[in-house]
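This is a predicted model, so every value here is computed, not measured.
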Amino acid sequence: FGAFCSAPGSFCPFLPGGGGLSILGTDYAPLPTGGNPRSREFLLALVRAGKTADVDYGSAVFAIEPCPQNFILGSSDFSGDGASEAAVFRPASGLWAVRGLSRFSFGTAGDLPVGGDYSGNGTAEAAIFRPTSGLWAVRQSSRFGFGNSGDIPLPRDYTGGGKAVAAVFTPATGLWAIRELTRFTFGEAGDFPLPGDWDGDGTAGAAVFRPADGLWVVRGISRFYFGGAGDLPVPGNYGNGAAWEAAVYRPADGRWAVRNLTVFYLGREGDLPGPADFDGDGTTIASVRRPADGRWAVRGATRFYLGAID
């Protein structure tokens with residue numbers, strides 16, 4: 001259940017669930033060795049300049065900004081067969097490429113891909129969120145405004161009706177707003193918002209991960225520590241039950257850890273995680289993608305190439 005925008009020294013994880021995609025714009029920015037965290041503007045300037053030799057992966061900075069390379073999508077069922085397809089979105093041109101299915105253009109420079117099953121027919125539609133204006137556009141379907149500049153789009157099935165519902169998270173305040181449903185505050189600045197099916201009832205609920213100390217808080221359910229600075233949250237249904245498990249990926253060495261289940265290695269430094277239900281059995285399978293050449297590796301299943309940086 002993941003997708004990433006690849007840029008030097010930064011990760012922009014997508015953490016989808018309930019048929020939708022979201023962007024969590026968090027830059028793991030470089031810091032001088034032994035230095036203290038700097039301002040967001042200073043860190044992003046270093047990233048853009050490619051000065052990534054000394055990277056402190058424990059310093060996370062929220063940023064909703066277009067990425068110059070591909071967004072890597074690996075979590076939506078674009079064919080309707082119950083399994084997730086690997087796909088990429090090229091923000092400079094609006095090109096979508098879904099492995100084994102199609103290529104088409106939808107969106108413009110600066111748009112964020114938020115594809116999901118907005119119609120409830122079992123097949124994901126391409127969709128974009130325009131962070132500068134709060135515009136949502138679903139391909140061959142609808143357009144509407146929801147959210148403000150700087151909000152993180154979090155479409156999920158929040159009702160249990162089988163449809164992706166537009167929602168946004170405001171990083172500065174921890175405000176969650178779910179379209180035509182509810183608004184509430186949960187989390188604080190610097191938290192990763194992680195909506196998903198945490199109790200196994202088929203409906204997405206709110207959760208956050210705090211990278212500084214590995215704290216997970218699932219709204220109305222539990223609080224626990226798992227992982228820490230430098231880890232990326234990659235939750236999903238890795239077990240045999242219906243509910244999601246907390247999981248983390250360590251980009252420094254390719255270590256995956258699923259809470260109360262397993263620890264394994266897949267990938268190497270620089271690889272980006274993209275776990276999804278690739279075989280349609282309802283469980284999450286770990287995968288990684290190598291940005292330089294577009295190589296994907298799905299654990300225990302297959303390897304292929306899609307979406308190399310050019």
Side-chain angles (χ1 to χ4, degrees), residues 1-4 13-22 70-89 96-103 113-126 155-157 160 162-164 194-198 200-204 232-249 254-268 271-290 294-307:
F1 289 86
F4 290 77
F14 286 73
L15 301 166
L21 285 170
S22 68
N70 298 340
F71 284 100
I72 307 304
L73 317 180
S75 53
S76 283
D77 179 8
F78 289 95
S79 65
D81 65 355
S84 296
E85 280 81 32
V88 298
F89 172 73
W96 296 65
V98 183
R99 183 176 182 248
L101 288 178
S102 63
R103 294 166 64 92
V114 289
D117 185 5
Y118 291 89
S119 64
N121 66 357
T123 302
E125 296 88 25
R156 298 291 188 279
D157 181 5
K163 294 183 180 181
L194 301 172
D197 187 3
W198 293 100
D201 67 353
T203 302
L232 293 175
V234 286
N237 183 9
Y238 292 89
N240 296 320
W244 276 24
E245 288 86 26
V248 294
Y249 171 76
R255 181 179 186 268
W256 295 68
V258 183
R259 186 176 183 242
N260 297 329
L261 281 181
T262 186
V263 175
F264 58 90
Y265 287 83
L266 179 70
R268 67 186 189 191
D271 288 351
L272 307 178
D277 181 9
F278 288 102
D279 60 9
D281 69 353
T283 59
T284 302
I285 302 174
S287 76
V288 295
R289 174 187 169 273
R290 196 152 293 159
R295 182 187 185 190
W296 297 59
V298 181
R299 186 178 187 233
T302 186
R303 294 171 183 264
F304 56 88
Y305 289 85
L306 180 71

Check: [Y] main-chain N/O paired with [X] side-chain donor or acceptor under 3.5 Å:
X    : Y    : answer
D157 : G162 : yes
W256 : L266 : yes
D77  : A124 : no
D197 : W244 : no

Atom pair [atom1]/[atom2] of [X] and [Y] - distance to nearest 0.5 Å:
X    : Y    : atom1 : atom2 : result
R289 : F304 : CZ    : CZ    : 10.0 Å
F278 : E85  : CZ    : CD    : 9.5 Å
W198 : T203 : CH2   : OG1   : 15.0 Å
Y265 : R255 : OH    : CZ    : 5.0 Å

Shortest non-hydrogen contact from [X] to [Y]?
X    : Y    : value
S119 : K163 : O-CE, 3.3 Å
A126 : F78  : N-CE2, 4.3 Å
G115 : W96  : N-CH2, 4.3 Å
A83  : G280 : CB-N, 3.6 Å
A243 : G200 : CB-N, 3.6 Å
V248 : V234 : C-CG2, 3.7 Å

Item to complete: For residues E245 and N237, determine if any side-chain heavy atom of one lies less than 4.5 Å from a side-chain heavy atom of the other.
Response: yes
Item to complete: Please examine the side chains of Y249 and D271, heavy atoms only from C-beta on, and report whether any two atoms are closer than 4.5 Å.
Response: yes
Item to complete: With side chain to side chain contact (heavy atoms under 4.5 Å, CB included) as the test, would you mind laying out the steps for R103 and V98 before giving the verdict?
Response: CA-CA 6 Å; R103 294 166 64 92; V98 183; over 6 Å; no
